[in-house]
Amino acid sequence: MGLFSKPIKSLEDLFVHMLQDIYYAEQQIVKNLPTMVEKASNAQLKSAFSHHLSETQTHVKRLEKIFDLRGEAAKGVTCQAIDGILAEAKEVLSDCSDREVCDAAMLAAAQAVEHYEMTRYGTLIAFAEQLNQSEAARILGETLAEEKNADKTLTSIAESRVNRMAAE
Ligand SMILES: [Fe+2]
Ligand SMILES: [Fe+2]
């Protein structure tokens, strides 16, 4: 059975497994973002992290709504990918001594998180549509739009300020 809690025999099983994976991932992000809000020096970056923390709390609730629609208890399974991205971010930050360079490191880590979420939500939406679960697809789409928007905001903060400050 490998790493999975339950054998995955159908697209439906895989869909549920991936919902549990992203449910765990979103919860880890909720736990980690407050440290990023606290550590960010750049005001725009701080506020982007803080705004996305509140969005991420909504992402957790939306997933609970989907489990609820399915008549299942919300449950997470360890997502090694998000654990790896977050562990790597912590390691880089602990080695980083310059404020501005730390901002650039946190911003890069946050974009890795957003891209992970975007790929997962993209797949989940495609699976939900294939399985004729249009309400789940719609809810997942709301979150995907916010992940994309968070990523765009981070890109503009990086390009307009944070990378230049880190280079000085
Ligand atoms: Fe999210
Ligand atoms: Fe996100």
Side-chain angles (χ1 to χ4, degrees), residues 5 14-70 72-93 102-129 131 133-163:
S5 51
L14 183 58
F15 178 63
V16 173
H17 174 75
M18 285 181 61
L19 279 176
Q20 294 172 339
D21 172 286
I22 196 72
Y23 185 58
Y24 171 92
E26 293 283 18
Q27 288 174 311
Q28 296 310 305
I29 300 164
V30 167
K31 277 188 203 158
N32 281 269
L33 268 172
T35 310
M36 316 252 288
V37 174
E38 191 195 308
K39 289 200 169 171
S41 305
N42 177 274
Q44 272 181 296
L45 187 60
K46 202 185 253 302
S47 118
F49 285 156
S50 164
H51 178 67
H52 201 52
L53 171 58
S54 85
E55 285 180 333
T56 303
Q57 286 159 340
T58 304
H59 301 172
V60 170
K61 292 207 179 82
R62 287 195 188 117
L63 291 167
E64 286 166 353
K65 167 88 182 149
I66 293 172
F67 283 112
D68 198 46
L69 282 172
R70 302 179 51 81
E72 288 166 11
K75 174 178 165 268
V77 291
T78 304
C79 167
Q80 298 189 6
I82 203 75
D83 282 348
I85 293 171
L86 294 171
E88 189 180 87
K90 272 185 196 150
E91 199 181 302
V92 173
L93 274 179
C102 272
D103 274 1
M106 278 190 283
L107 198 155
Q111 285 198 283
V113 169
E114 293 318 310
H115 281 251
Y116 178 71
E117 292 184 290
M118 281 153 58
T119 179
R120 288 289 138 150
Y121 280 106
T123 302
L124 279 162
I125 292 165
F127 285 178
E129 282 166 355
L131 295 163
Q133 297 180 24
S134 54
E135 181 59 5
R138 189 193 61 76
I139 296 170
L140 293 162
E142 287 179 355
T143 296
L144 178 59
E146 289 173 4
E147 309 296 15
K148 285 185 178 168
N149 197 42
D151 180 55
K152 258 193 212 154
T153 302
L154 290 169
T155 297
S156 87
I157 296 172
E159 289 176 353
S160 67
R161 192 153 183 91
V162 166
N163 291 352

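For ligands, and for the atoms within them, numbers begin at 1 and follow the listed sequence. Side chains are part of it too, since the values below use all heavy atoms of this structure and drop only hydrogens, waters and symmetry mates.
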request  = Show your working on salt bridge (Lys or Arg N to Asp or Glu O under 4.0 Å) between Arg120 and Glu147 and close with a plain yes or no.
outcome  = CA-CA 11 Å; Arg120 288 289 138 150; Glu147 309 296 15; over 6 Å; no
Report for the Fe ion (ligand 2), protein N, O or S closer than 2.8 Å, by chain and number, lists His52 NE2, Glu114 OE1, Glu114 OE2, Glu117 OE1, Glu147 OE1
So CD of Glu114 and CG of Leu107: to nearest 0.5 Å the spacing works out to 10.5 Å
Residues Ala48 and Ile157: closest non-hydrogen pair is CB-CD1, 3.7 Å
The complete set of ring pair (Phe, Tyr, Trp, His ring centres under 6.0 Å) pairs with one or both residues in residues 28-56, sequence neighbours excluded, reads His52-His59
Charged N-O contact under 4.0 Å between Lys61 and Glu64
no
CG of Leu86 to OH of Tyr116, rounded to nearest 0.5 Å, is 11.0 Å
